[in-house]
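In the text below, chain A, chain B and the rest are named by the order of the sequence lines, each starting its count at 1.
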Amino acid sequence: MKKLINDVANVVKEQLEGMALAHPELTVRYKPTFLCRADAPIKGKVALVSGGGSGHEPMHGGFVGQGMLDGACPGEVFTSPTPDQMVACAKAVDGGAGVLFLVKNYTGDVMNFEMAAELVAADGIKVQNILIDDDVAVKDSLWTAGRRGVGTTVLAEKIVGAAAEAGYDLDRCADLCRKVNQYGRSFGVALTSCTVPAAGKPTFDLGETEVEMGIGIHGEPGTHRSPIAPVDVLARYAAEQIIDDPAYTRTVREWDGAGWADKVLTDEPFARGDQVIAFVNSMGGTPVAELYAVYRTLAAVCEEKGLTIVRNLIGPYITSLDMQGFSITLLKVDPEILKFWDAPVKTPGLVR
Amino acid sequence: MKKLINDVANVVKEQLEGMALAHPELTVRYKPTFLCRADAPIKGKVALVSGGGSGHEPMHGGFVGQGMLDGACPGEVFTSPTPDQMVACAKAVDGGAGVLFLVKNYTGDVMNFEMAAELVAADGIKVQNILIDDDVAVKDSLWTAGRRGVGTTVLAEKIVGAAAEAGYDLDRCADLCRKVNQYGRSFGVALTSCTVPAAGKPTFDLGETEVEMGIGIHGEPGTHRSPIAPVDVLARYAAEQIIDDPAYTRTVREWDGAGWADKVLTDEPFARGDQVIAFVNSMGGTPVAELYAVYRTLAAVCEEKGLTIVRNLIGPYITSLDMQGFSITLLKVDPEILKFWDAPVKTPGLVR
Amino acid sequence: MHKSQILDWLRRLDQVYTEKKDYLTDLDAAIGDADHGINMTRGFAKVMEKLPEVADKDIATILKTVGMTLMSSVGGASGPLYGTFWLKGGLAVDGKEALSAEDFLRMIEAGVDGIRQRGRPEPGDKTMYDLWAPVVAALKTRAGNGDDVAALVAAILPVAAKALADTIPLQARKGRASYLGERSIGHQDPGATSSYYMLETLNEALA
Amino acid sequence: MHKSQILDWLRRLDQVYTEKKDYLTDLDAAIGDADHGINMTRGFAKVMEKLPEVADKDIATILKTVGMTLMSSVGGASGPLYGTFWLKGGLAVDGKEALSAEDFLRMIEAGVDGIRQRGRPEPGDKTMYDLWAPVVAALKTRAGNGDDVAALVAAILPVAAKALADTIPLQARKGRASYLGERSIGHQDPGATSSYYMLETLNEALA
Ligand SMILES: Nc1ncnc2c1ncn2[C@@H]1O[C@H](COP(=O)(O)OP(=O)(O)O)[C@@H](O)[C@H]1O
Ligand SMILES: Nc1ncnc2c1ncn2[C@@H]1O[C@H](COP(=O)(O)OP(=O)(O)O)[C@@H](O)[C@H]1O
Ligand SMILES: [Mg+2]
Ligand SMILES: [Mg+2]
Ligand SMILES: [Mg+2]
Ligand SMILES: [Mg+2]
């Protein structure tokens with residue numbers, strides 16, 4: 001394993017120290033660990049908080065700033081953070097209008113954020129949790145823990161962050177976030193495994209001529225392996241998995257102010273005529289030039305399928321350490337989503 | 001070799017097609033190949049044009065846009081573009097105030113841009129060429145083709161681009177660009193080789209426990225190999241190579257309006273009390289999180305040496321295909337440089 | 001069951017997780033993300049740090065401290081699940097300095113109920129709940145018999161061992177392992193295994 | 001030297017570069033960036049495409065077209081150097097349909113002068129100039145002898161061969177190879193090699 005690290009035990013902490021040094025507009029706290037806007041709390045504004053295992057940078061810490069997240073809770077590499085981090089972060093950023101937890105659908109993240117929501121609510125802070133579960137590689141919500149939260153997370157943080165900045169209250173932020181999640185779908189392809197620092201060796205072995213299809217963001221195996229193919233083939237496969245994905249129904253648990261309420265949500269499939277944001281993401285080790293080849297194919301497939309790409313985002317935004325590969329996210333937009341997508345944002349990882 | 005490409009013969013072209021699709025604010029032309037702002041030429045504004053081999057994305061094409069480059073000429077991977085590209089690009093972007101060629105100091109780039117300057121001047125367009133030669137790994141300008149142009153290129157494109165936007169005339173743009181080059185120094189470290197698509201295999205073999213110190217941006221061997229070491233050691237070495245670098249004198253050739261004039265330039269070393277922009281760059285395959293560990297060490301070394309980091313840039317901006325590794329650039333600033341660094345910029349690769 | 005036995009139990013548990021760290025991690029590597037042993041040892045190392053501060057408090061305080069500590073140091077799925085287990089268990093025996101068989105049953109039932117509420121496992125989902133559900137059922141059956149806690153635990157240990165083995169043929173439907181679909185069949189669940197150690201070490205502490 | 005021989009020369013040169021593509025690239029891999037063979041074949045493939053358009057024009061136009069084509073298709077260091085060589089060579093023999101020995105000398109001298117102006121090589125820098133400088137000197141010495149171009153070229157070919165071999169022990173001070181410092185010693189310069197093929201194929205075309 002070759003990485004720009006010192007002791008594997010301190011990887012996350014030292015990277016956060018670097019962030020704190022580089023970005024005085026952020027505050028980084030340890031014990032418990034979280035990041036927040038240095039100008040938090042912002043009175044009267046809904047505070048948006050996310051978090052999850054580290055190793056996906058710039059997500060989430062790099063998205064803290066004006067027009068996006070108020071705070072982020074980084075766990076160890078690929079390990080969910082703990083409720084005490086989330087509670088401390090929520091308290092630091094709540095400006096009286098409540099806190100929205102934006103949670104990727106992994107069992108660990110979900111349960112830790114649920115505990116945090118209960119504790120934050122018990123402290124008299126308004127709180128809401130919204131799940132992101134957009135990975136179409138997972139077909140089934142009855143036999144699995146449901147779709148994983150992947151690329152749509154980045155788009156949701158941007159869009160809901162802008163809405164909060166524009167004065168949306170907690171309920172409207174939650175509704176918008178839920179809608180963005182329901183409008184977004186993703187699919188990922190790995191060319192190489194990542195290497196978790198603590199493990200010191202690649203998570204899985206992938207032959208020189210193989211790719212792993214339908215991956216998540218933790219180096220977990222995907223749905224299947226394929227022989228390496230031209231980017232046209234790989235990008236088309238990913239795009240079609242997303243665009244041809246049928247309606248998806250599952251039950252989510254949301255905090256309703258007093259307790260947990262189950263909601264049955266159905267994501268409708270894409271339809272001809274839809275306008276979309278196209279997000280082509282690097283898994284970390286793939287350089288941006290190659291992403292443009294993916295985008296080229298994606299644009300052609302969208303055109304065939306009658307989808308109009310109205311905005312795009314291309315680069316490494318939700319990564320899996322040093323993994324080579326890409327993911328595609330398509331997000332259907334309406335005027336509300338588009339307005340907030342276009343709003344200004346100033347964070348280390350995304351600026352507009 | 002695993003890459004998101006189709007036929008190796010079309011790599012650059014297809015990536016450019018992707019860029020054209022993704023960024024309607026850019027115009028991409030083929031035969032000869034160049035990119036320019038869709039709103040070019042801008043009447044009365046000095047036009048900034050750069051170019052070089054492909055494989056360093058987002059540089060240069062990704063830096064075309066408001067407040068940075070007016071045009072860029074991409075060559076084949078790691079191969080200088082040709083004068084006809086530069087001439088066509090210069091003609092497309094000249095708004096009457098002349099064209100500044102920003103050229104990285106590689107023999108091929110230098111000579112091709114020199115020919116282009118002669119041809120552009122012969123067409124009655126005012127033209128200037130300024131070299132970037134900032135790589136302190138090259139010690140000697142008498143026994144070599146001189147220092148290579150690396151990280152300072154990105155900073156110069158940003159700063160001079162802002163000055164041109166602000167109305168600087170061609171001479172002032174050229175003077176500012178020369179100053180930025182003389183104030184900037186860089187050093188690079190590779191953890192892995194890159195793989196040139198046409199070659200299909202890594203350019204050099206680096207053992208599992210070795211790193212290559214003092215690399216350029218074309219996968220060329222560096223000054224020496226070291227055993228892999230903690231990031232503190234690697235980043236400190238790079239930082240000290242830069243900060244302790246003595247005065248550097250060489251002769252450059254600049255177009256003086258009628259012909260070529262030799263200029264002897266001496267870059268003064270950094271001094272205690274200097275204010276600097278610190279740029280930590282990924283070579284392409286190193287994820288941004290690891291760069292923050294580099295920055296952490298760099299900040300400590302700068303503090304020891306009495307340099308104050310007033311701004312920073314952290315990410316993959318001047319890459320070497322999929323190479324893992326980093327480079328550090330320090331640029332001494334004065335109020336003029338800082339003002340233009342802080343100015344707005346809207347390009348695919350850099351936004352502020 | 002005296003407070004000193006609870007403290008002994010926790011120390012033994014810390015030791016066992018340290019000894020079985022690689023084993024638990026290997027089980028998790030097969031169907032999860034290869035961190036369960038790391039998670040459990042990190043959590044119990046913290047518990048051992050905190051224990052001196054509360055060792056002279058009542059049992060409920062000790063158990064709740066274990067829960068809070070696990071919750072804030074383990075992360076992942078097992079952190080909130082075990083955190084809730086010890087926290088709810090502690091809340092069920094408020095103010096006690098010793099536990100009767102009935103207290104013990106109430107504590108375990110409350111803890112397992114916490115796991116159920118938090119993780120929403122169904123029987124057969126291949127989780128730690130597949131260990132605890134039969135154990136609670138067996139405890140309930142025997143609790144009225146007049147056994148003390150030691151006898152009770154010794155009696156249900158074989159039930160737990162069987163339940164643990166029974167996770168092997170299951171297909172996971174919760175947690176990370178669920179994404180493997182049929183490939184999760186044939187592996188013993190890591191969380192059920194770390195839960196089994198809780199009963200095994202308790203049996204030793206009470207012996 | 002007739003125009004048809006010039007066209008023959010260029011065709012042979014295209015063939016040789018294709019045959020020697022890997023060899024030139026290997027030479028460049030040792031001390032450069034492994035593309036010299038690729039660059040030269042790309043350039044001459046374009047020259048072959050363009051040639052029919054100008055084949056019936058005068059020699060100067062043909063030579064200038066070769067120069068312009070190389071300049072816009074080769075890139076790298078050798079593109080502008082060879083581009084200039086053919087361009088300046090063409091300009092030196094404006095309007096000619098055939099070349100005398102004097103014309104030929106003037107053409108080569110002007111071309112090499114172009115290389116010198118463009119690349120600023122010094123003798124001993126380990127570049128293509130280290131091939132051309134002794135060749136020009138030898139040509140000048142013999143040019144007054146009354147030899148025709150064929151005899152002239154045949155006579156200086158051994159000079160070129162020696163100059164080529166003489167690049168091996170040099171340490172590069174220009175171009176990419178210069179960054180290797182002493183490690184550039186012991187390798188034949190790729191650009192000097194592709195230049196040698198120009199004289200070798202010319203000799204064949206005139207034979
Ligand atoms: N929804 C759930 N309900 C109950 N137990 C669960 C659930 N999800 C996972 N588990 C348990 O958690 C264990 C994995 O714990 P651990 O590896 O520490 O966390 P993670 O899966 O987040 O890496 C599984 O073996 C299983 O027993
Ligand atoms: N300054 C220079 N003057 C003359 N010839 C040069 C100079 N720099 C390089 N060369 C020649 O160019 C050759 C390399 O050409 P090529 O590989 O095509 O270009 P690049 O070095 O840009 O990849 C060298 O072998 C050398 O003969
Ligand atoms: Mg885990
Ligand atoms: Mg080259
Ligand atoms: Mg696990
Ligand atoms: Mg070369």
Side-chain angles (χ1 to χ4, degrees), chain A residues 9 31-33 51-54 73-88 106-116 118-119 135 137-148 196 198-199 201 203-204 214-216 218-223 251 253 259-260 262, chain C residues 22 25-26 28-39 42-43 46 67-85 87-88 114-122 124-128 170-185 191:
Chain A
K31 300 189 179 188
T33 303
S54 292
C73 306
E76 286 302 308
V77 173
F78 292 175
T79 300
S80 156
T82 54
D84 56 323
Q85 297 174 254
M86 300 157 185
V87 171
Y106 298 92
T107 304
D109 293 55
V110 170
M111 292 197 291
N112 282 286
F113 268 106
E114 281 181 5
M115 305 213 61
E118 293 167 14
L119 293 165
D135 184 356
V138 179
K139 294 288 165 221
D140 183 40
S141 75
L142 291 176
W143 275 84
T144 68
R147 292 189 165 173
R148 299 171 289 221
V196 176
K201 55 179 205 289
T203 307
F204 53 81
I215 52 152
H218 301 98
E220 57 272 69
T223 52
T251 305
R253 190 147 52 152
W260 294 103
D262 279 350
Chain C
D22 290 347
T25 295
D26 288 350
D28 197 28
I31 57 171
D33 60 349
D35 64 359
H36 190 58
I38 302 168
N39 292 345
R42 183 173 59 235
K46 277 277 173 212
M68 294 302 295
T69 306
L70 293 178
M71 212 169 312
S72 65
S73 61
V74 174
S78 54
L81 290 167
Y82 283 136
T84 307
F85 174 86
L87 195 64
K88 297 261 160 139
I115 290 178
R116 209 186 38 73
Q117 281 173 31
R118 191 86 280 151
R120 301 196 156 187
E122 303 281 342
D125 278 357
K126 195 182 185 107
T127 70
M128 56 176 70
L170 295 174
Q171 175 172 341
R173 283 189 297 204
K174 285 276 167 6
R176 288 184 191 280
S178 69
Y179 297 114
L180 289 179
E182 293 181 358
R183 282 176 287 165
S184 64
I185 292 171

Heavy-atom distance under 4.5 Å to chain A: side chain of [X], backbone, both or neither?
| X | value |
| --- | --- |
| C:Ile38 | neither |
| C:Ala172 | backbone |
| C:Ser73 | backbone |

Open item on the list: I'd like to verify something: which residue of C:Leu81, C:Asp33, C:Asp35 has the highest number of heavy-atom pairs under 4.5 Å with chain A?
Closed with: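 Sorted descending by pairs with chain A, the first entry is C:Leu81.
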
Can you find a pair of side-chain heavy atoms, one from [X] and one from [Y], that are under 4.5 Å apart?
| X | Y | result |
| --- | --- | --- |
| C:Thr84 | C:Gln117 | no |
| A:Phe78 | A:Val196 | yes |
| C:Lys174 | A:Thr107 | no |

Spell out, as yes or no, whether a donor-acceptor pair under 3.5 Å connects the side chain of [X] to the backbone of [Y].
| X | Y | value |
| --- | --- | --- |
| C:Tyr179 | A:Gly146 | yes |
| A:Gln85 | A:Thr82 | yes |
| C:Lys46 | C:Thr69 | no |

Examine whether an atom of [X] lies under 4.5 Å from a heavy atom of chain C, and if so say whether it belongs to the side chain, the backbone or both; otherwise answer neither.
| X | answer |
| --- | --- |
| A:Arg253 | side chain |
| A:Thr223 | backbone |
| A:Pro32 | neither |

- [ ] Under 4.5 Å, counting heavy-atom pairs only, tell me which of A:Val110, A:Asp140, A:Thr79 racks up the most with chain C.
- [x]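 Greatest number of close heavy-atom pairs with chain C: A:Thr79.
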
Open item on the list: Among A:Ala198, A:Ser80, A:Gly216, A:Pro81, which residue has the highest count of heavy-atom pairs closer than 4.5 Å to chain C?
Closed with: A:Ser80

Open item on the list: Under a 4.0 Å threshold between the charged nitrogen and the carboxylate oxygen, would C:Arg173 count as salt-bridged to C:Glu122?
Closed with: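 Looking at C:Glu122 and C:Arg173, the cut-off is not met.
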
